[in-house]
Every structure is written in C-alpha cells, then in structure tokens.
Student: 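Before we start, here is the structure in question, set down as structure tokens.
Note that ligands are numbered from 1 as they come in the structure, with each ligand's atoms numbered from 1 the same way.
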Amino acid sequence: MSTQGPSIHDTGALFQIAEPEERRAPARAPGRGIGIDLGTTNSLVALAPHGDDPKVLADGEGRALLPSVVSYVGDRVIVGDAAQAQQEEAPGQVVSSVKRFMGRGLSDVDFTHPYHLVAPSQGAGVLRLDVGAEGEPHLVTPVEVSAEILRVLRLRAEDALGGPIDGAVITVPAYFDDAQRQATRDAGRIAGLNVYRLLAEPTAAALAYGLDRGGQGLFAVYDLGGGTFDVSVLRLHDGVFQVLATGGDSALGGDDLDRALAAHLLGRAGFDETRPPTRHQRELARIAARAAKEALSEQGEVRVSVAACGIDDLAVTRATFEELIEPLVQRTIRACRAALRDAGVRARELDGVVLVGGSTRVPRVRAAVEETFGRPPLTDIDPDKVVAYGAAIQADILSGSAREGVTLLDVVPLSLGIETMGGIVEKLIPRNATIPIAARQVFTNYSEQQTGMQIHVVQGERELASDCRSLARFELRGIPRLPPSMARVEITFQLDADALLTVTARELMTGVRQSVEVKPTYGLSEEEVDRLVMESYDHASDDYAARNLAEARVELGRVALAVRTALAEVGHLTAILPAEERASIEAALVSADALMREASEAEAVNAARVEIERRSEPFARRRMERALLAGMEGKSLHEIESVLAAEEEHLDERRGGHSAEVIDG
Ligand code: ADP
Ligand code: MG
C-alpha cells in the first residue's frame, strides 16, 4: 500500500464498453407495432404488419397527413386541419410547430412564435405555453401538446387494426439531444403509447428504401419540410446505421418558399412600402401562394386570384417561381456541401441520396440536389411518407414479426462523462458510439475524510466540465473512511436504445449504491451541438494543456493533503519523523502551495509533487511499517495511528528499523 497511488481513476483498463444488447424486450404482439413520423408541420402514422409493405393510415376523409396543429379554443382540444382553420382568429390559442419547443428551456427559444411562454419558477424545469383565452390562463407543456397529436394517430391506428396496438416507433431528427428525445418519449407515454424506441428520421428514410439490405453503404438524406431543412450523411456498416454528419437550417422550409411567392404576388398587385398590405391580406396571399407553389410542382403555370388583395387571375410560371426561390435553394445546397465535408465524404462516394419532406416535390429542388450529388436522387417513395414507412418497418420488427432486417442502432451525438477532481471530464461514452451501450469505470477517493462522492454527469467534447453541458448531479453517500485511493466507486453509464441515460454509482466494498435516470431539464439546440463539436476541435490543444495542468494540480493537491494529514496526526512523534525531515517536508509543502496558486504549466506542478513524495517517502514508509507491525491491517490507517499515537507516548523504546514488507502500488 502506498499513499502515492493513482488517484482519480485507478486504471484505464477498467474502462470497458459492453457489447450492444442482443435484442430489446421480447415482443408480445407481432404485427401490432406502428410507426409515427411526428413532424414539425405534418405527422403521419403507418403500419407494416407481418412483413407487409408499409402503408400510411388516413383519416375518415382520406387525409393521411395530420397537420401538427393543436387548438385549445373552447373547451375541447382539436388537432389537425380543423385546428389549423382556427389559427388565424386565435393565434395564441392554436399551437403549431410545437416540435421546436420540445425539450427546450426558455433560453433555447431564439425563434419567433406567437405564444406567451411561462418560464419555470426555479430556473430548471419545463417551459409552458399559455394557450388560454384572454384573462383565463391555461398552461400546457410542449410534451402535452405533442401528446395530443400522438393520441389522434394512436386512435387512427387502433381503428385500422380493430383493437389495441402493442407499441410504436416514433421518429426524431438525428440531432435531437437527450432532453428532446426524452420529451418525445414522454409525449408518447402520455398519449397512451408503449414507445418501443425512437428512431432518427434519416435512418427511417433509408430503411424505407430498403437500403439496409446490402448491409453496407454510404447515403445522404435531404429533408426539406415545412419549416426546417435537415441533411444527414449516414454510413451503414455491418447492419448498423451511423450518422456521420448532420446539418441544415432550423429556419428554412416550405413556409419560406410560400413567403417568397406571396411577396411576389403582393408586389404585382401594387403593394409596396408606401402601400403595405394589411395582416389579413398578407395571410390570404400566403395561403394562395402555398396552393400555387404546390400546383407548380405538377404544372408549368398557375393562375392565382385573391380578391381581398385585388389579385385576379394572375399567371405565375414555374420559371418565375424558380427564380424567386433560388437563393433559398442555394442555402440548402451550401448546407449539403458542409455536411459532406464534416462527414469526410465526397459526393461521388455516396451509394444513394434520399429525398424526404413535402418540399422536395418542387422540381427545382430535385434538380439542385441532382446537380450537387451528381446523381438522380431516390424518389420512388412519396417524400411525405418515407419517414413513417421506415418507422413502421422498424416497429413491425420490434413487435416480433419475422421480417428480414437489421436491428437498427443509433449513435451518441455528444460524449457523456463525469466530472472528476480538478474539473476534468472523464468521458465514459464517446461521441458516435453505437447505442445501446454500457460503460463502466472505477474511481477512487481523494482523501480519507471523504465519505460521499459528488457525481456530476456532463455531455460534450471539451476536456473541462465547465465547458460541457451539465446533465445531472447526485451524491453517493456512505463511502467507508478509507485511505486515499482505497475506496473504489464504480460508475456505470447505461444508454438505452433511445439514447436515454441511467447513471449508477456503487462503492465496491460496501455495495452502497445510488442511481439516477438522467433527465435534463432542457436540451442543447442543434446549433449548440454543432458549436460544441466545432469548439472541441478548435480547442483541442488548449484543452490538452488545461487538462494536463488540472490533473497535475489534483495530484499535487492530493499528495499535499495526505502528507499534511499525516503530519497533523503523527508528525509530532519524532520516532516516526525526525525534526529535520519534518522541516524539509514542510518547506516542500510551502513551495507547493505557491505553485498551486500560480503555476500555469503541468511540468512545474508535477516536479513539486515529486519533490514532496521524495522528501516524505521515509516518513510514509515508517508509518506503514508501524501499521503492519501492529498487525492491524483490517483497520483504517486513521484508526491504527490513533492507537499507535496513544501507545507511543508510553512505549518510546519500540521504534523504527524493522524490515516489514512495503507493498507499493
Ligand atoms: P415537416 O417534416 O416539417 O412536418 P412536411 O415534410 O410535411 O413537413 O412538408 C410540408 C411542406 O411541404 C409544406 O411547406 C408544404 O407546402 C410542402 N409541400 C407539400 N406538397 C408539396 C408539393 N406538391 N409541392 C411543393 N411543396 C409541397
Ligand atoms: Mg418531416
């Protein structure tokens, strides 16, 4: 035994990554799993029972797309087209694009919206929307709003199946973090769904095209929806889809195409700054523009009339529309190039490009994608439905149907770790590891006084905890008093198939155990994820130096503390510590204190530690010999020494010089 053992984590070899679980819980009802695309603009539910081809379920009027709009006007909640119809008269009471709020805190909401947001009272907690009428507050969480949409889709599926469903796969954007995923999963539970798992939207799209069949490949997924644009580069390797890069623009979609065309229509009707349209006119022009845009995907020219704006049978050609939207199209193309660059992939290496989202029906968009990726994109499957199809196929597999297909695995978007002494992050699960995954590492105590261990779970790529996102804190109490480095606390991170994290800490000697499900109060924005990843590259060398210095300081602090404690307890016993040795150790401690305050380089700090160790080594050895001689191995050093100190006062003659074995380790 030695007080100079390694401190923070005992040995790197204890860090192990378990193999992904073989399979999820056994299925109960083959063929009764459903797939849900919970979109920002539109949501869908699909079925693919018993290995059948997937089909999207429509409502009573044959509409497959359910607008993701929830109305709280009156005392009955309405979802879909009927809710959308009420939006203009009561914008604050009709919620659309609620997906943008999922798993977010107030500070994450940096986009415009018509809602009255209510921030949680004590900082942390879920944000709420006040959807009540004037003077009658009615608070709802984004999770509850999403649950209303999911409930309608669940009922639709139960109708189609003629009975209860077994479970659902719900899709989420690839960049959704823990908080956003957790919020989505919670919404599913509130809607009465057994959520088998969450699935990344691009992965679902690839699955719908059967791109998993070959087991290998490199794909891009271009998803232009109503209000968002996402591009992902995926690698399929041995049946595992890995998201290599995601990019896009969270404020670019079909709505922007509508606005561009509406502005053009109003301009041609004679509106300008000196004669601006009213809000109502603008809204009507936007609705007409949307219809015109969709028609222009099929035909070369449309005629538009909006009486309230004085627009009468105005001809708009596809060429005019294409000119108007070109800057928007180019923005998506730039994001595609960036994603390819991030993934380290050239366009020609791709095995396929998948189109997703209603706005990819625009012919100019298709052409631009084809030019950029140097090949015609895959368009056989309706781009509105492709994500729901993939989810349905995955749900069918998870319900236990005998269907060929890989069990899909996702990857962790950002590394997960814990803060150790000195604010250093010890990463347990690295970014891009496939999930589900479990990782385990053993940590030791810093001082004998320590009977509790603060466990701070963080997510991010940087080396210092203060630069990462804090996910949770908890304390493991009841650690026995043991000499430094002797208590062994095993920390386990368990990340399930939905990227939800459970952290368990266990003291190995006593079995004391504490576990938390990490439920962050709100999550990272897509941009923040991107920024954090970029920052880790930018700061790689700074971080390395900072980490080294922090580690060196921790080591020095630990050694100095151990020596000081020993001095305080038995330093006065000259049998163990001659006066001149004591003076020399104390001098080394004083200069160490100065270095702790001022040093900016790890080398100097390490040198000071080595010096203290060197000077105190004979003292440490004598203490240890005493302990062994006294035959008190079962006791803590502290107990032994208090007994010895008492004896020492009387038995002055029995001292030093014995050759007991010192185990160094
Ligand atoms: P989200 O993924 O955001 O829920 P969707 O994929 O459902 O969105 O896309 C909705 C968008 O697709 C809307 O802006 C809609 O106008 C547009 N869209 C739907 N059909 C067409 C079409 N035929 N031509 C052009 N745009 C279309
Ligand atoms: Mg979508």
Side-chain angles (χ1 to χ4, degrees), residues 35-46 56 63-70 79-81 83-84 95-102 111 145-146 149-150 153 170-176 184 198-206 208 221-232 246 248-262 286-300 302 316 318 321-322 324-325 328-329 332 354-369 379 381-391 526:
I36 292 178
D37 171 3
L38 184 61
T40 309
T41 317
N42 295 300
S43 298
L44 296 94
V45 58
V56 160
R63 293 174 299 203
L65 266 60
L66 176 71
S68 305
V69 184
V70 180
V79 181
D81 292 286
Q84 203 159 30
V95 185
S96 58
S97 302
V98 69
K99 192 170 174 178
R100 292 170 185 238
F101 294 98
M102 291 289 274
F111 45 88
V145 178
S146 295
I149 300 166
L150 291 171
L153 297 174
I170 304 177
T171 58
V172 291
Y175 56 80
F176 256 28
T184 306
L198 306 175
L199 181 62
E201 287 160 11
T203 305
V221 179
Y222 178 104
D223 180 350
L224 189 59
T228 55
F229 170 62
D230 298 315
V231 55
S232 320
T246 64
D249 192 328
S250 53
L252 175 60
D255 297 347
D256 299 283
L257 308 187
D258 301 348
R259 273 192 286 272
L261 184 53
R286 198 191 55 74
I287 291 166
R290 178 169 176 167
K293 168 193 78 175
E294 294 182 9
L296 283 171
S297 294
E298 308 301 321
Q299 59 213 55
V302 287
V316 181
R318 186 185 281 173
F321 175 64
E322 291 184 347
L324 291 169
I325 64 168
L328 301 170
V329 173
T332 71
V354 177
L355 289 187
V356 178
S359 301
T360 61
R361 290 236 183 71
V362 173
R364 174 62 198 132
V365 169
R366 291 192 176 189
V369 172
T379 55
I381 304 180
D382 187 336
D384 282 331
K385 299 179 179 163
V386 62
V387 167
Y389 282 177
E526 180 189 358

Student: I'd like to check which ligand 1 atoms, numbered from 1 as shown, lie under 4.0 Å from a non-hydrogen atom of G39.
Tutor: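 Every atom of ligand 1 under 4.0 Å from some heavy atom of G39: 4 (O).
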
Student: Tell me whether E201 is salt-bridged to K99, with the criterion being a basic N under 4.0 Å from an acidic carboxylate O.
Tutor: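 Between K99 and E201 there is a salt bridge, with a charged N closer than 4.0 Å to a carboxylate O.
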
Student: Under the side-chain hydrogen bond (donor to acceptor under 3.5 Å, both in side chains) test, which residues partner T360, sequence neighbours left out?
Tutor: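 Testing T360 for side-chain hydrogen bond (donor to acceptor under 3.5 Å, both in side chains), a comparison that skips the adjacent residues, returns none.
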
Student: Distance under 4.0 Å to a non-hydrogen atom of G254: what atoms of ligand 1 satisfy this?
Tutor: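 Answer for ligand 1: 14 (O).
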
Student: What is the nearest protein non-hydrogen atom to atom 3 (O) of ligand 1, stated with its residue, atom name and distance?
Tutor: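 Its nearest protein heavy-atom neighbour is T41 OG1, 2.8 Å.
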
Student: Please state whether G253 comes within less than 4.0 angstrom of ligand 1, counting heavy atoms only.
Tutor: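 Not so, G253 does not reach ligand 1.
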
Student: For G358, is at least one N or O under 3.5 Å away from an N or O on ligand 1?
Tutor: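 The answer is yes, given that G358 and ligand 1 share an N or O pair closer than 3.5 Å.
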
Student: Please find the pair of heavy atoms, one from A260 and one from L328, that lie closest to each other, and give the distance.
Tutor: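 Heavy atoms of A260 and L328 come nearest at CB-CD1, 4.5 Å.
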
Student: Regarding ligand 1, does E294 bring an N or O atom to under 3.5 Å of one of the ligand's N or O atoms?
Tutor: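 Among all N and O atoms of E294, at least one is under 3.5 Å from an N or O of ligand 1.
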
Student: Do any nitrogen or oxygen atoms of V362 come within less than 3.5 Å of a nitrogen or oxygen of ligand 1?
Tutor: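 Between V362 and ligand 1 (N or O atoms, distance only) the closest approach is not under 3.5 Å.
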
Student: In the structure I gave you, are the side-chain heavy atoms of P383 and R361 within less than 4.5 Å of one another anywhere?
Tutor: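 Yes, their side chains come closer than 4.5 Å.
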
Student: Is S297 touching ligand 1 with its side chain, its backbone, both, or neither, if touching means heavy atoms under 4.0 Å apart?
Tutor: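 It is the side chain that touches ligand 1; the backbone stays farther off.
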
Student: Could you grab the distance from atom CG of D230 to atom OG of S250, nearest 0.5 Å is fine?
Tutor: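 Reported value, rounded in 0.5 Å steps: 8.5 Å.
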
Student: Honestly, is R100 close enough over F111, meaning NZ or CZ under 6.0 Å from the six-membered ring centre and within 45° of the axis?
Tutor: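 Yes, a cation-pi geometry.
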
Student: Before signing off on this row, confirm whether R290 and ligand 1 have an N or O atom pair separated by under 3.5 Å.
Tutor: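 Indeed, backbone or side chain, R290 has an N or O that close.
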
Student: Around atom 7 (O) of ligand 1, find the nearest protein heavy atom and jot down its residue, atom name and distance.
Tutor: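 For atom 7 (O) of ligand 1, the nearest protein heavy atom comes out as N42 ND2, 2.8 Å.
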
Student: Please say whether D258 places an N or O atom under 3.5 Å from an N or O atom belonging to ligand 1.
Tutor: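 Checking ligand 1 against D258, no N or O pair falls under 3.5 Å apart.
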
Student: To the nearest 0.5 Å, how far apart are CG in D384 and CG in N42?
Tutor: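 Atom-to-atom, D384:CG and N42:CG are 7.0 Å apart.
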
Student: Counting heavy atoms only, which of E201, R361, K293 is nearest atom 17 (C) of ligand 1?
Tutor: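 Answer by nearest heavy atom: K293.
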
Student: What protein heavy atom lies closest to atom 2 (O) of ligand 1? Include the residue and the distance to one decimal.
Tutor: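 Result for atom 2 (O) of ligand 1: G225 CA, 4.1 Å.
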
Student: Using a 4.0 Å cutoff against the non-hydrogen atoms of G357, which atoms of ligand 1 qualify?
Tutor: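 In order of number, 6 (O).
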
Student: Could you identify the single nearest non-hydrogen protein atom to atom 8 (O) of ligand 1 and state the distance to 0.1 Å?
Tutor: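 I find the closest protein heavy atom is G226 N, 3.2 Å.
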
